[in-house]
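Chain identifiers are assigned alphabetically (A, B, ...) following the order of the sequence lines, protein sequences preceding nucleic acid strands; residue numbering begins at 1 within each chain.
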Amino acid sequence: MPELPEVETVRRGLSELIIGKQILSATSDTPKSFPNTVADVRQFMIDAKVTAVRRRAKVLLIDLSSDYSLVIHLKMTGQLVYVDAQARFGAGHPNDSLVNALPDKSTRVTMSFNDESMLFFNDQRKFGWVKLLPTAEIVNLPFMQKVGPEPLDLHFTAKQFRERFTRRARTNIKAAILDQSVVAGVGNIYADESLWGAKIHPKRLVGSITDAEFELLYTDVRAVMNLSIEKGGSSNRNYVNAEGKRGSYMDFANVFRREGLPCPRCGTTIEKLRVAGRGTHICPFCQVL
DNA sequence: CACTTGACCTGTCCGC
DNA sequence: TGCGGACAGGTCAAGT
C-alpha cells in the first residue's frame, strides 16, 4: 500500500477536488470495508460538507461539517478515486480510460457529491477500511495513540529520530523502521530505499548502529519520501492517486524490486532477501552485515 | 515489555 | 491448460 508519500499524494489531490462539496450518498456492500450503519451514515454523513482532508502516518482523514470524519486506511491495495461529472457523463474526457470503468468489482464504498462527482474506495484485498467517527475521537484511537512522529515534520530532528529506536535495540533495523510506533509512515519500499541510501544492511541489529549511521538514515528517509511525494508516489502494482493516475517514483528507485540489476552506486548486482517477513532489496557491496 | 509469526483477502505469476 | 504454492505497498492478535 500506499506508504506516507502515496497517502500524502492522495490527500493533496482530494484537497483540491472535494473540499466544500456536500455528500449526497454513501453506500457499501462490504461491511468489513465500511462498518458504519446506514443510520450513522444518514445522520452524520449525508448532507454534510467536506471541510478538510488531513493525513497522519498512513491514515487519511476527511473532516465533515457534522463534526464527524472519515478515517481511511488504504492498507495494501486501497485506492480513493474521484470522478467528476464530466468524466462520468461526457465523451472523450482525457481521464476516461481509468475512471470510466468505476465502480468495478473491487469497489467497496461509493460516495456522491452535490455536483454529480463521485468518490470510490476500491480495495482488491479488503484489508483497508473507511470508518465514520466523531472528529474529536480520532486522537483516542489506539493507532493514533501509539504512532510515532511524522518524519517530514520540520521540528523532527535527527537526535529524536535516533532516540525513537532505543526501545527496539534487540531487533533488526528493517523491522524497527517498519514499526509505525517508532516513526510514522515508512513501509517496505521506503525502508529498502533509505537503508540503501544510508548503506545499512537491513539485518543489522539496531543496537549496533552508530550515531553517524542514524544521522544518514534520518536524512535518507526524509530525502526518499520528499522525492517520492514530488513524483506522485510509487505505483508498484495497484496504487493510483485521487485522479486515478499512477505515480512515477519507481522509475527513480535504486534497489526496490530491482534484484538482478546493477547498484546505481557501485554496479554490484542487487539481491533480494527476506527480512522481518518482508521481501527486501539490497546492494551486497554497499550494505554489509 | 520486546520480539516473531501467522492471519486477514484477492489476484498474479512461476514452475511443474 | 490446470494446479499448487509463493508472493504482494500493512497492521493486528497471538504466541514465546
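In this structure the side chain of A/Leu14 reaches within 4.5 angstrom of the side chain of A/Leu80, judged on heavy atoms. For the pair A/Asn241 and A/Tyr239, the minimum side-chain heavy-atom distance is below 4.5 Å.
Nucleotides B/dC9 and C/dA14 have their P atoms positioned 15 Å apart, rounded to a whole Å. As rounded to the nearest Å, B/dT5 and C/dA6 have P atoms that lie 16 Å from one another.
Here the P atom of nucleotide B/dC9 and the CZ atom of A/Arg108 are 11 Å apart, to the nearest Å. Atom CG of A/Leu178 and atom P of C/dA8 are 13 Å apart (whole Å). Taking atom NZ on A/Lys131 and atom C1' on C/dC12, their separation rounds to 11 Å, with Å as the unit. Atoms CZ (A/Arg125) and P (B/dT10) sit 10 Å apart, rounded to a whole Å. Whole-Å rounding puts the A/Asn236 CG to C/dG10 C1' distance at 14 Å. Taking atom CG on A/Asn188 and atom C1' on C/dA8, their separation rounds to 10 Å, with Å as the unit. For the pair A/Ile177 CD1 and C/dT11 C1', the computed distance is 17 Å after rounding to whole Å.
A/Gly187 comes within contact range of the sugar-phosphate backbone alone, with a heavy-atom separation under 4.0 Å but no base atom that close. In this structure, A/Gly128 reaches neither bases nor backbone, as no heavy-atom distance under 4.0 Å exists between it and the strands shown. No contact: A/Arg257 has no heavy atom under 4.0 Å from any strand. Among the heavy atoms of the strands, none lies under 4.0 Å from A/Ser106.
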>> Could you go through A/Ser117 and A/Asp84, starting from their C-alpha distance and side-chain angles, then the distance that decides it, and tell me whether this counts as side chain to side chain donor-acceptor pair (under 3.5 Å)?
In response: CA-CA 4 Å; A/Ser117 61; A/Asp84 67 24; over 6 Å; no
Side-chain donor-acceptor pairs under 3.5 Å in residues 143-154 of chain A, sequence neighbours left out?
{"residue": "A/Gln145", "atom": "NE2", "partner": "A/Val139", "partner atom": "O", "Å": "2.7"}
{"residue": "A/Glu150", "atom": "OE1", "partner": "A/Arg55", "partner atom": "NH1", "Å": "2.9"}
{"residue": "A/Glu150", "atom": "OE1", "partner": "A/Arg55", "partner atom": "NH2", "Å": "3.1"}
{"residue": "A/Glu150", "atom": "OE2", "partner": "A/Arg56", "partner atom": "NH1", "Å": "2.9"}
{"residue": "A/Glu150", "atom": "OE2", "partner": "A/Ala57", "partner atom": "N", "Å": "2.6"}
{"residue": "A/Asp153", "atom": "OD1", "partner": "A/His155", "partner atom": "N", "Å": "2.7"}

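If you check C/dA8, B/dC3, B/dG11 against the side chain of A/Lys272, the one that comes closest is C/dA8. Distance from the side chain of A/Arg170 is smallest for B/dC3 among the nucleotides C/dC12, B/dC3, B/dC9. Which of B/dC9, C/dT11, C/dC7 sits closest to the side chain of A/Arg274 comes down to C/dC7.
Stems are defined here as 3 or more consecutive Watson-Crick or G-U wobble pairs with pairing distances under 3.5 Å; those involving DNA chain B are B:2-8 with C:10-16, B:10-16 with C:2-8.
A cation-pi arrangement is not found for A/Arg258 relative to A/Trp196, the charged atom failing to lie both closer than 6.0 Å to the ring centre and inside a 45° cone about the ring normal.
One finds no side-chain N or O of A/Arg237 lying less than 4.0 angstrom from the OP1 or OP2 phosphate oxygen of B/dT12.
Judged purely by distance below 3.5 Å, without hydrogens or angles, the side chains of A/Thr135 and A/Asp67 never pair a donor atom with an acceptor atom. One side chain, A/Thr280 or A/Lys174, offers a donor N or O that lies under 3.5 Å from an acceptor on the other. No hydrogens or angles considered: a donor-acceptor pair under 3.5 Å links the side chains of A/Arg257 and A/Asn236.
Toward the 5′ end of DNA chain B lies the nearest nucleotide of A/Ala169, the other residue of the pair A/Gln124 and A/Ala169 mapping further downstream. Along DNA chain B, the nucleotide closest to A/Arg168 and the one closest to A/Phe127 are compared, and the more 5′ of them pairs with A/Arg168.
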